[in-house]
Student: 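The structure is given below, and queries will be raised subsequently.
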Amino acid sequence: MKGFFVTATDTEVGKTVVAGALAGVLRKRGYDVGVCKPIQSGHLSCDPAGDASRLQYLSGVETYASHICPFSVKEPLAPRLAIKRAGKQVFLADVVRCCKNIQEYFEYIIVEGAGGLIVPYTEDALVADFAQALNMPLLIVARPTLGTVNHTLMTIECAKARGLKVAGVILSGYRDEALERVKENRDMIEQFSGVPVLGMIPWLGKEFTREYALEATEYSIHISKLEEWLA
């Protein structure tokens, strides 16, 4: 599949905002990009506060949230556990099929996983297995603060061990007063992993507009480096 698989070093690090805003920026540049997050826990797909609706809003696609995310449950747990407690079963083949269905309408697709690579995802797979099945380059979203070097390097090591291609890392949510420390973290991640940090997105606030998110993303991320992967 053509596009990117967006994963993270942890949960709640800005993965959905990065995935949706990147899709929005690329669409503004003329790329035919869709979005997909097959499994969502914590909100139903139709909930405006959920990741599927936020992906739809930020990317600007007309795809229904229920198509972006066909498997959703309210309980905020690891996807496999949340689905099981809801009395359902979802398998790796189901989520791969979801992505293929959406890509029929787009040339490229940005797929968002759940949490990090070793999160229990479906009845028979971890998130990493899902990424392997799609065979897409990874974008790793990481927090900018203390501890991120360790978490990011471990995520990269895990990806490489499974034969996954890592397009780059994006540090999300830095505060201006900590910018120098964030730059040091960026440099160490690049030095010890050999993987580029493609950008550092500032803290956008609790509420922000689509326009602001796209503007910050385009300004903060080396979009041209991502375009090289789409060529």
Student: Hey, quick one: are Ile68 and Tyr64 part of the same hydrophobic cluster, counting side-chain heavy atoms closer than 4.5 Å, chains of contacts allowed?
Tutor: no

Student: Taking a hydrophobic cluster as the set of Ile, Leu, Val, Met, Phe, Trp and Tyr residues connected by side-chain heavy atoms closer than 4.5 Å, whether directly or through intermediates, do Val13 and Met154 fall within one such cluster?
Tutor: no

Student: Applying side chain to side chain contact (heavy atoms under 4.5 Å, CB included) to Val35 and Ile102, what does each step give before you reach the verdict?
Tutor: CA-CA 8 Å; Val35 290; Ile102 289 182; over 6 Å; no

Student: Considering non-hydrogen atoms only, spot the tightest contact between Leu164 and Leu138 and give its length.
Tutor: CD1-CD1, 4.0 Å

Student: Using side-chain heavy atoms (C-beta onward) and a distance below 4.5 Å, is Ser72 in contact with Ile39?
Tutor: no

Student: Kindly compute the distance separating OH (Tyr212) from OG1 (Thr217), expressed to the nearest 0.5 Å.
Tutor: 10.0 Å

Student: State, with a plain yes or no, whether a side-chain heavy atom of Ile110 is found less than 4.5 Å away from one of Leu26.
Tutor: yes

Student: Assess whether a salt bridge exists between Glu227 and Arg29, defined as any Lys/Arg side-chain N lying under 4.0 Å from an Asp/Glu carboxylate O.
Tutor: yes

Student: With side chains defined as the heavy atoms from C-beta onward, is the minimum distance between Ile170 and Leu22 less than 4.5 Å?
Tutor: yes

Student: Would one find more than 12 heavy atoms of other residues, nucleotides or ligands at under 6.0 Å from atom NZ of Lys165?
Tutor: yes

Student: Please evaluate residues Arg85 and Leu77 with respect to the criterion side chain to side chain contact (heavy atoms under 4.5 Å, CB included), reporting the C-alpha separation (whole Å), side-chain torsions for both, the decisive distance (0.1 Å), and the verdict.
Tutor: CA-CA 10 Å; Arg85 285 169 59 92; Leu77 301 170; 3.5 Å; yes

Student: Testing Cys69, Pro79, Cys99 one by one against Pro38 for a side-chain contact (heavy atoms from CB on, under 4.5 Å), which residue passes?
Tutor: Cys99

Student: Kindly work out whether a path of hydrophobic side-chain contacts (I/L/V/M/F/W/Y, heavy atoms less than 4.5 Å apart) joins Phe91 to Val73.
Tutor: no

Student: Taking Leu198 as the fixed residue, which of Ile140, Leu139, Val169 is the one that meets the side-chain contact (heavy atoms from CB on, under 4.5 Å) rule?
Tutor: Leu139

Student: How are the rings of Tyr31 and Tyr108 set relative to one another: parallel (under 30°), tilted (30 to 60°) or perpendicular (over 60°)?
Tutor: perpendicular

Student: How many angstroms lie between atom CD1 of Ile223 and atom CD of Glu228, to the nearest 0.5 angstrom?
Tutor: 12.0 Å

Student: Rounded to the nearest 0.5 Å, what's the gap from SG on Cys158 to CG on Leu126? Could you check?
Tutor: 8.5 Å

Student: Report whether Val18 and Trp203 are members of the same hydrophobic cluster (ILVMFWY, side-chain heavy atoms less than 4.5 Å apart, transitive linking).
Tutor: no

Student: List the atom of Leu117, the atom of Thr155, and the distance in Å for their closest heavy-atom pair.
Tutor: CD1-O, 3.8 Å

Student: Given Val61 and Arg27, is the side chain to side chain contact (heavy atoms under 4.5 Å, CB included) satisfied, shown in steps?
Tutor: CA-CA 9 Å; Val61 300; Arg27 287 173 63 83; 3.7 Å; yes

Student: Met200 versus Lys183: any side-chain heavy-atom pair under 4.5 Å?
Tutor: yes

Student: Is the shortest side-chain heavy-atom distance between Lys37 and Val111 below 4.5 Å?
Tutor: no

Student: Measuring from atom CG of Leu44 to atom CZ of Phe71, what distance do you get when rounded to the nearest 0.5 angstrom?
Tutor: 14.0 Å

Student: If the threshold is 4.0 Å, N to carboxylate O, is there a salt bridge linking Lys160 and Glu157?
Tutor: no

Student: After noting the C-alpha distance and the side-chain angles of Thr16 and Glu112, does the key distance pass the side chain to side chain donor-acceptor pair (under 3.5 Å) rule?
Tutor: CA-CA 7 Å; Thr16 300; Glu112 181 187 346; 2.7 Å; yes

Student: For the OG1 atom of Thr152 and the CD atom of Glu190, what is their distance to the nearest 0.5 Å?
Tutor: 11.5 Å

Student: More than 12 heavy atoms of other residues, nucleotides or ligands under 6.0 Å from CD of Glu211: yes or no?
Tutor: yes

Student: Which heavy atom of Ser53 sits nearest a heavy atom of Ser45, and at what distance?
Tutor: OG-O, 3.3 Å

Student: Measuring from atom CG of Asp32 to atom CD of Gln103, what distance do you get when rounded to the nearest 0.5 angstrom?
Tutor: 9.5 Å

Student: Looking at side-chain heavy atoms only, is the closest gap between Arg80 and Tyr121 below 4.5 Å?
Tutor: no

Student: Under 3.5 Å, side chain of Asn185 to main-chain N/O of Val149, donor-acceptor pair present?
Tutor: no

Student: Is Tyr57 reachable from Phe208 through a run of I, L, V, M, F, W or Y residues, each pair having side-chain heavy atoms under 4.5 Å apart?
Tutor: yes

Student: Charged N to carboxylate O below 4.0 Å: is that the case for Arg143 and Glu12?
Tutor: no

Student: Between Val182 and Leu171, does the side chain to side chain contact (heavy atoms under 4.5 Å, CB included) criterion hold? Intermediate values first, please.
Tutor: CA-CA 8 Å; Val182 177; Leu171 298 177; 3.9 Å; yes

Student: Within the 4.5 Å heavy-atom criterion, are Lys2 and Ile109 side-chain neighbours or not?
Tutor: no

Student: Check for a donor-acceptor pair, side chain of Gln40 on one end and backbone N or O of Ala52 on the other, with a separation under 3.5 Å.
Tutor: yes

Student: Please report the shortest heavy-atom distance between Leu230 and Phe4, naming the atom on each side.
Tutor: CD2-CE1, 3.7 Å

Student: Should Ile189 and Arg186 count as side-chain neighbours, where that means a heavy-atom distance under 4.5 Å?
Tutor: no

Student: Indicate the atoms forming the closest heavy-atom contact of Lys100 with Met1, along with that distance.
Tutor: N-CE, 3.8 Å

Student: For residues Ala142 and Thr148, report the shortest heavy-atom separation together with the two atoms involved.
Tutor: CB-OG1, 3.6 Å

Student: Taking Arg162 first and then Asp129, would you say they form a salt bridge - that is, a charged N and a carboxylate O separated by under 4.0 Å?
Tutor: yes

